[in-house]
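Structure first, then comments.
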There are 2 protein chains.
Amino acid sequence: MKKEKSEFKEIFIKYIEDKGMRHTKQRELIVDSFFSAGRHITSEELFNIVKKKNPEIGYATVQRNLNLLCESGLAEEIKIGKQKTRYEQKYGSKHHDHLICVKCGRLIEVNDEKIEKLQDKLARANNFIPIKHKLEIYGICGNCK
Amino acid sequence: MKKEKSEFKEIFIKYIEDKGMRHTKQRELIVDSFFSAGRHITSEELFNIVKKKNPEIGYATVQRNLNLLCESGLAEEIKIGKQKTRYEQKYGSKHHDHLICVKCGRLIEVNDEKIEKLQDKLARANNFIPIKHKLEIYGICGNCK
DNA sequence: ATATTATTGATAATAAAAATCAATATCATT
DNA sequence: AATGATATTGATTTTTATTATCAATAATAT
Ligand SMILES: [Mn+2]
Ligand SMILES: [Mn+2]
Ligand SMILES: [Zn+2]
Ligand SMILES: [Zn+2]
C-alpha cells in the first residue's frame, strides 16, 4: 500500500518552496500532526502531540510553523475570549461559523447560506468590499441546558 | 443651567453601591470621559484623555474601572486581530455589528434585522440557546478602495 | 471624630506570542 | 560525495497587554 502525499502537504510544500524556504523533518511532522488533530487546536496542544513523535522538537518551531500554515492559507487563527489562540484547519473543510457554549466551551460548526448572502449585501450597501468574516454566537449548548 | 446626572452614571453608581463599592472622583472622571469619548476606545487612549483632567491618575485605575464598566454592562470589550482591547459604549446605542477595513482599520457600525433573526434561528436549529453574538466583516472600506 | 475597609497609584507579576542567536540542517553547485 | 551559502531549529530572552500586589490614602458608617 503506497503512502499517498496528501494535497494539503503539496500545497504547503509549494508555499514553502515558492518563498525560498526549506523542507524539514520538523515541518513535515508538524503539518501532518496538525491535519490529523482536532479541528480547533492550540499551539500548546499541538506541541504536546508532536513531542511524542519527536521529543527533540521545540515549542518555538511549532509556533513558527503554525504561523506559516496561517500565511499559506491552510490554517486560520481563532481567538475566543481570553483563551490562547486556536488554529483551525482550512483545507478539506468549507467555510463555517461557530456557536460557542459559554458553559463548557464547546464549538459547534455551522453554516447558513442565507446569512452569508445577507452579510455580503450588508457590506456592499455600506460601500464596503467584503473579504472574509467571523460570526460567533455565544450561548448554551444542548449538553449544558 | 443645572447639570443633569446622566442615566449611565446613575446605572454605574447603582452597580457600584450594590456591590458595596465606593464612589470616587477618579471613577466619576473615568466614566464621564468614557462616555464622551469615541465609540471604540482603548484603555491607553482613555488614560491619555483622563490624564489631562487629572494628571495624578494612574493607568491601573483606568483599566480597573473599564473592567467595572464591562461588568456593569455599560461597556463591552472588542478585540480585533492583534490590537489592544477596545471598549465599546453599551449605553445609548443599540446592538450592532462591525465592518472592519483591513487597510485603514476603520470600524463601520451596521445592523441588519434579517441577519439577526436568522442567527437566532440557526442557533435554535442546533439545539443552542443564543445569548449574544459577534459578527465582524473584514474588507475594504469606501475610503480605501 | 473614629474606625473600617475599598480604592488608588506605583510597581511587579503573568502569560501569550514574537524576536534573538549560535549551532545545525538543507540544498544547489560543484 | 564534499562544499558553501543560508534557512531552520531549539533554547532563551524580549515584548506587550493585562492582571495582581501592596502600602498609603480616601470614602463611608457609626
Ligand atoms: Mn471551526
Ligand atoms: Mn461599535
Ligand atoms: Zn456546553
Ligand atoms: Zn479603510
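Throughout, protein chains are lettered first and strands after them, A, B, ... in sequence-line order, and every chain is numbered starting at 1.
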Next on the checklist: Whole angstroms only, please: what is the OH-P distance between B:Tyr87 and D:dA17?
Outcome noted: 12 Å
Checklist entry - Are any of the side-chain heavy atoms of B:Ile108 and B:Val110 separated by less than 4.5 Å? => result yes
Checklist entry - Pick one: which of B:Leu122, B:Asp112, B:Leu135 meets side chain to side chain contact (heavy atoms under 4.5 Å, CB included) with A:Ile115? => result B:Leu122
Checklist entry - Taking atom types as modelled, is there a side-chain donor on B:Ser43 or B:Gln63 under 3.5 Å from an acceptor on the other? => result yes
Item to check | side-chain contact (heavy atoms from CB on, under 4.5 Å) evaluation trace for B:Val102 with B:Ile140 | outcome: CA-CA 6 Å; B:Val102 297; B:Ile140 317 278; 3.9 Å; yes
Checklist outcome for this item: Expected list for residues 64-80 of chain B near DNA chain D, using heavy atoms below 4.0 Å, is B:Arg64, B:Asn67
Checklist entry - Just how far, in rounded Å, is P of D:dT19 from OH of B:Tyr59? => result 11 Å
Checklist entry - Does a sphere of radius 6.0 Å around NZ in B:Lys25 hold more than 12 heavy atoms from other residues, nucleotides or ligands, not counting ones at 6.0 Å or beyond? => result no
Checklist entry - Near DNA chain D, which residues from residues 13-23 of chain A have a heavy atom under 4.0 Å away? => result A:Gly20, A:Met21, A:Arg22
Checklist entry - In residues 24-46 of chain A, which ones come under 4.0 Å of DNA chain D, going by heavy atoms? => result A:Thr24, A:Gln26, A:Arg27
Checklist entry - In this structure, are over 12 heavy atoms from other groups packed under 6.0 Å from A:Lys103 atom NZ? => result no
Item to check | Any donor-acceptor pair under 3.5 Å from A:Asn54 side chain to A:Glu56 backbone | outcome: yes
Checklist entry - Contact boundaries of DNA chain C with chain A (under 4.0 Å, heavy atoms), 5' to 3'? => result C:dA16 to C:dC27
Checklist outcome for this item: Distance col, row A:Leu118:CG vs A:Glu116:CD, nearest 0.5 angstrom, shows 10.0 Å
Next on the checklist: One thing to verify: whether A:Lys84 and A:Glu45 come together as a salt bridge, which I'm taking to mean a side-chain N less than 4.0 angstrom from a carboxylate O.
Outcome noted: no
Checklist entry - For residues A:Thr61 and A:Gln26, is any side-chain donor paired with an opposing acceptor at under 3.5 Å? => result no
Checklist entry - Where does the angle between the aromatic ring planes of A:Phe12 and A:Tyr15 fall among parallel (under 30°), tilted (30 to 60°) and perpendicular (over 60°)? => result parallel
Item to check | Stepwise side-chain contact (heavy atoms from CB on, under 4.5 Å) check, A:Leu29 with A:Thr24 | outcome: CA-CA 9 Å; A:Leu29 175 57; A:Thr24 67; over 6 Å; no
Checklist entry - For A:Gly81, does its backbone N or O pair with a side-chain atom of B:Glu77 as donor and acceptor, under 3.5 Å? => result no
Item to check | Residues within residues 49-58 of chain B bordering DNA chain C, heavy-atom distance below 4.0 Å | outcome: B:Glu56, B:Ile57, B:Gly58
Checklist entry - Do A:His40 and A:Glu88 get their side chains close enough for a donor-acceptor pair, meaning under 3.5 Å? => result yes
Checklist outcome for this item: Axis-to-axis angle across the helix from C:dA1-D:dT30 to C:dT30-D:dA1, five pairs each end, nearest 10 degrees, ~ 30°
Checklist entry - Going through the distances and angles, do A:Tyr87 and A:Glu76 end up as a side-chain hydrogen bond (donor to acceptor under 3.5 Å, both in side chains)? => result CA-CA 5 Å; A:Tyr87 296 84; A:Glu76 193 176 52; over 6 Å; no
Checklist entry - A:His133 and A:His95: aromatic ring centres closer than 6.0 Å? => result yes
Item to check | From CA spacing to verdict: side-chain contact (heavy atoms from CB on, under 4.5 Å), A:Lys145, B:Ile129 | outcome: CA-CA 8 Å; A:Lys145 63 181 168 190; B:Ile129 303 168; 3.4 Å; yes
